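The structure appears below as structure tokens.
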Amino acid sequence: MSTGGVTLNRHILEEEQRHPEATGHLSALLVQLGFAAKILAREIGRAALVGKFGLVGEKNPTGDSQKKLDVFANDTVVEAFAQTGLVAGIVSEELDEVKILSCEGKARYILCTDPLDGSSNTDINGALGTIFGIYRRGTSDRCDVQSEILGQDAQQMAAGYVMYGTSTLLVYTCGHGVHGFTLDRELGEFLLSHDNIRCPRRGRTYSANLARAREWHPNLQRFIDYLTHGNEVTKRPYSLRYTGALVADLHRSLVEGGVYLYPADGGHPEGKLRLLYECAPLAFVVEHAGGRASTGWQLIRDVQAKSIHQRVPLVIGSSHEVALCERFLATGQP
Ligand code: AFP
């Protein structure tokens with residue numbers, strides 16, 4: 001998929017030129033995201049050598065144990081965006097409340113981020129991610145970022161993720177195609193490697209933590225039974241692939257087709273994943289690549305956030321499998 005020598009920054013600028021009315025501010029934010037991703041790729045790569053493994057001994061606002069890399073990732077992303085003066089506030093998995101950065105006139109954006117997705121993988125050299133969604137604020141001059149992001153005022157303009165795996169890959173969309181860039185460590189540049197990613201209509205794999213499957217809605221259990229039941233015509237059974245990092249599992253489904261699901265269960269009656277900084281940004285990416293993202297009952301993009309750390313069930317990936325899951329939930333049948 002190599003497309004030879006198009007850097008992330010050049011790509012962002014070319015995207016901007018498609019919009020004569022663009023101020024360049026969104027581009028500046030995406031460039032900063034790339035910068036933060038390079039720092040994180042470097043630190044994740046050497047975390048074992050510089051004492052960045054392990055817990056800090058506290059829980060984050062959503063009750064998960066905070067790792068040293070979680071804190072570092074959050075600080076890095078916040079710092080990168082704060083420098084721009086273009087962001088009014090940041091909603092982060094690692095921050096209790098919205099971090100207000102600036103209420104000045106040019107701070108027209110809000111960032112929602114999970115700075116380090118899959119942090120249970122940090123100490124075992126597993127895949128990790130950063131998820132981001134960038135919203136443009138409404139026209140009000142009142143600086144109330146929380147109300148804006150929870151209301152209808154803020155509009156999602158861009159989203160994407162960084163995957164720290166065998167290589168570091170940054171995937172983003174501003175609504176005109178989904179593009180992936182691989183970090184060339186020697187050059188220190190993200191280079192276009194996955195131009196205009198399209199999510200296959202159907203796949204051969206599913207990703208889910210089956211440990212709590214007995215607690216799922218019975219129709220969801222039927223869905224999994226269906227996927228794992230052999231049938232040559234419909235190319236079943238599907239293979240299970242689950243890494244514990246949403247970004248890594250979603251990336252597989254985005255590129256090769258398939259479905260990721262994290263439904264409601266006994267321990268997570270509303271689902272585990274967070275709407276604003278996990279589900280919504282990835283839904284934006286997947287939909288712009290031709291896939292589908294829903295709670296199983298409702299499209300993710302139609303869910304109105306009620307709190308900044310709100311959780312929702314998530315079914316995301318190829319349109320065929322996500323729609324199939326929705327049908328199972330509604331009827332118990334394919
Ligand atoms: P963190 O971002 O807090 O590390 O959580 C990871 C995650 O949100 C998502 O990336 C995984 O798919 C999911 O949780 C794993 O959860 P289980 O350990 O319950 O399977």
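Every value quoted in this text rests on a predicted model; they were computed, and no experiment measured them. Read the numbers this way: they start at 1 and go in the same order the structure lists the ligands and their atoms.
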Item to check | Step-by-step side chain to side chain contact (heavy atoms under 4.5 Å, CB included) determination, Ile90 to Ile110 | outcome: CA-CA 6 Å; Ile90 297 182; Ile110 300 170; over 6 Å; no
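The shortest heavy-atom distance from His268 to ligand 1 is not under 4.0 Å. In this structure, Glu93 has a heavy atom closer than 4.0 Å to ligand 1.
For Arg212, the salt bridge (charged side-chain N to carboxylate O under 4.0 Å, His left out) partners two or more places apart in sequence, or in a different chain, are Glu215, Asp265.
For ligand 1 and Leu246, the ligand atoms under 4.0 Å from any heavy atom of the residue are 9 (C), 10 (O), 11 (C), 12 (O). Shown in contact with Leu116 at under 4.0 Å from a heavy atom are these atoms of ligand 1, numbered in order with element: 2 (O). Each of the atoms 17 (P), 19 (O), 20 (O) of ligand 1 lies under 4.0 Å from some heavy atom of Asn209. Annotation for ligand 1: atoms under 4.0 Å from non-hydrogen atoms of Glu278 are 2 (O), 8 (O). Close contacts of ligand 1 with Tyr242, meaning ligand atoms under 4.0 Å from a residue heavy atom, involve 12 (O), 13 (C), 15 (C), 16 (O), 17 (P), 20 (O).
At under 3.5 Å, a nitrogen or oxygen of Asp114, whether backbone or side chain, sits near a nitrogen or oxygen of ligand 1. Taking distance alone, with nitrogen or oxygen atoms compared against 3.5 Å, Val247 stays at or beyond that limit from ligand 1. Any N or O atom pair closer than 3.5 Å counts here, and Gly118 shares at least one such pair with ligand 1.
The environment of Lys99 atom NZ is sparse: at most 12 non-hydrogen atoms of other residues, nucleotides or ligands sit within 6.0 angstrom. In this structure, Phe35 places its CZ atom where only 12 or fewer heavy-atom neighbours from other residues, nucleotides or ligands lie under 6.0 Å away. Heavy-atom neighbours of Arg46 CZ from other residues, nucleotides or ligands within 6.0 Å: above the threshold of 12.
Taking the six-membered ring for Trp, Phe181 and His11 have ring centres closer than 6.0 Å.
Counting heavy atoms from C-beta outward, Val162 and Leu33 have side chains that approach closer than 4.5 Å.
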Please tabulate, for the side chains in residues 323-334, all donor-acceptor contacts under 3.5 angstrom to protein atoms that are two or more places apart in sequence or on a different chain.
residue	atom	partner	partner atom	Å
Glu326	OE1	Arg292	NE	3.0
Glu326	OE1	Arg292	NH2	3.0
Glu326	OE2	Arg292	NE	3.4
Glu326	OE2	Ser294	OG	2.7
Thr331	OG1	Arg327	O	2.7
Thr331	OG1	Gln333	N	3.1
Thr331	OG1	Gln333	O	3.2

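Counting heavy atoms under 4.0 Å from ligand 1, residue Ser119 touches it through both backbone and side chain. At a heavy-atom distance under 4.0 Å, atoms from both the backbone and the side chain of Asp117 approach ligand 1.
Checking Tyr260, Tyr262, Tyr277 against atom 12 (O) of ligand 1, the nearest heavy atom belongs to Tyr260. With distances taken over non-hydrogen atoms, the option nearest atom 11 (C) of ligand 1 out of Ala127, Ser120, Gly267, Gly244 is Gly244.
Leu170 is not connected to Leu13 by any chain of hydrophobic side-chain contacts under 4.5 Å among Ile, Leu, Val, Met, Phe, Trp and Tyr, and they are in different clusters.
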